[in-house]
Every structure is written in structure tokens, then in C-alpha cells.
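Hydrogens, waters and symmetry mates are skipped; everything else that's a heavy atom, side chains included, is used.
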Amino acid sequence: MSGKPKLHYFNGRGRMESIRWLLAAAGVEFEECFLETKDDLTKLQKDGSLLFQQVPMVEIDGMKMVQSRAISNYIATKYNLYGKDLKERALIDMYVEAVIDLNELLMTHTFQPADKKEQHFATIVDKATNRYFPVFEKVGGKEVTMDKTFLLATGFSRADVQLLETLLMAEECKPDILVKFPLLQSFKARISNIPTIKKFLQPGSQRKPPLQEKDVPKLMKIFH
């Protein structure tokens, strides 16, 4: 196992998408091996590639890494996206964990039963606009530098990457969801223009489109 990281997952977002974002933001090229059938997953399980019998799995630096947070932590550390010291890392972790909470809600919306979708959507909007976005709006407005570009004054981190990912997902769910958050709108524009991220946002990149309801049956056949 050498060369480019190799990502094992289905051809969609899910828990691998944030890993794709981090690698892309770091300017790291990666390969993907898509699970198309239940047999593809079973093969990885039987040959010992999956420590806990589940994906995502990333082959990197001679390891077959599983558990999405562990993978993301490793990539962020390896490519200097994890702050300058222990206190910054703790702050990044707090930001990222909050982003993951919202991201989980957004990811699971497609899987909600028809009679639960409206309430689930309302929960997404409520938590985004009343719990999470107000905090990041305040963080983005701190006068810690003359030009507040990133969430941490000391520079670009995984928190910036993963917040941008989730802001864009939230806008896919509700296009005007950032209307009351001008600093987050500015943040989104700035981070989207970082060259490596701008490239990842272009058509034809390895960024995955939103999951559609028509895709759910295929996923169920792979994982259940």
C-alpha cells in the first residue's frame, strides 16, 4: 500500500465525504474504490481489511484505517490542518463536533419516512439557525485579526473545511438558510475561493452530489 490514499466506500457522500473534503483541501490526490454490491463489502470484511467490519476505509501510509473521525484526525494532523497546539486542537474539535452533529441531520434527511420528513426538515432548520450558525457567526466576527479569514486566528484548519462543507449542504436543503448570517456568507465565499477548495467545487471533481431517494434502494442492498 503506497502512493495515493485509496478510499473504499459507495459512490456517494455519506461518512466519506468529509474525508474527501479534507484531502482535497490539503491538495492531496486520492483514488476511490466504490462498493457496488453486497459482495464488494463482504470481500473486504472477509479479507481482514475492515477492523470493525464497516466502511469508510482508507488505505494510507501503509494502514487500512477505519472509523471516520479517526481517519479525519489523521489526515488533518498529517497535512497541518489541526492547529498549532493542544488548545487550538481542542477548539477545532469543539467546532468540528458541532458541525458533525448538524451534518448527521442533513445526511439522514433523505432516509426519513415520508410522514417524518417535514418534522425532520423543521429540526434541521431549527438547530442550524438557532443552535449552530449563531455560534459560528460570532466566531467569524471576532476582531482577532485585521482580516478575519479563518475560524482560528492562526490560520486555516479542518474546522474551516468542514464548516464550509456543511454550510453548502444546508443551502442545498434550504437555499436561503444563511440569509440572517452575513458573516457566514462572507466566510463561505472566502473559503470557497481557496485554490484547492475551489478546484474541488468545480464540475468533474470527486465531490459527490446530494443523495437522492432513488439511490436509497441500491445502498440498502449493499449495507443490509
Would you give me the side-chain donor-acceptor pairs under 3.5 Å for residues 164-171, sequence neighbours excluded?
residue	atom	partner	partner atom	Å
E165	OE1	S18	OG	2.7
E165	OE2	S18	OG	3.3
T166	OG1	N103	ND2	3.2
T166	OG1	Q162	O	3.2
E171	OE1	K188	NZ	3.0
E171	OE2	K188	NZ	3.0

Let me check something: any side-chain donor-acceptor pairs from residues 215-224 under 3.5 Å, sequence neighbours excluded? List them with distances.
residue	atom	partner	partner atom	Å
D215	OD2	Q212	N	3.0
K218	NZ	E36	OE1	3.1

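A side-chain donor-acceptor contact under 3.5 Å links Y74 and D61. With 3.5 Å as the limit, one finds no donor-acceptor pair spanning the side chains of K84 and T154. In this structure, a donor-acceptor pair under 3.5 Å is absent between the side chains of T37 and D39.
For the atom pair CG (L50) and CE (M65), the distance works out to 13.5 Å, reported to the nearest 0.5 Å. A distance of 9.0 Å separates CZ in F10 from CG in L35, rounded to the nearest 0.5 Å.
Between H109 and F121, the two ring planes are tilted [angle within 30° to 60°].
Using modelled atom types, one side-chain atom of T108 and one backbone atom of L105 make a donor-acceptor pair closer than 3.5 Å.
A 6.0 Å sphere centred on NZ of K180 holds no more than 12 heavy atoms belonging to other residues, nucleotides or ligands.
Between K208 and the options E17, E172, E32, a salt bridge (charged side-chain N to carboxylate O under 4.0 Å, His left out) holds for only E32.
Outside the 6.0 Å centre-distance limit, the rings of F136 and F187 are not counted as a close aromatic pair.
Judged by the 6.0 Å and 45° rule, R207 forms no cation-pi pair with F200. For the pair R20 and F30, the NZ or CZ position fails the cation-pi test of under 6.0 Å to the six-membered ring centre and within 45 degrees of the ring normal.
Residues passing the side chain to side chain contact (heavy atoms under 4.5 Å, CB included) test with D85, sequence neighbours excluded: K87, E88.
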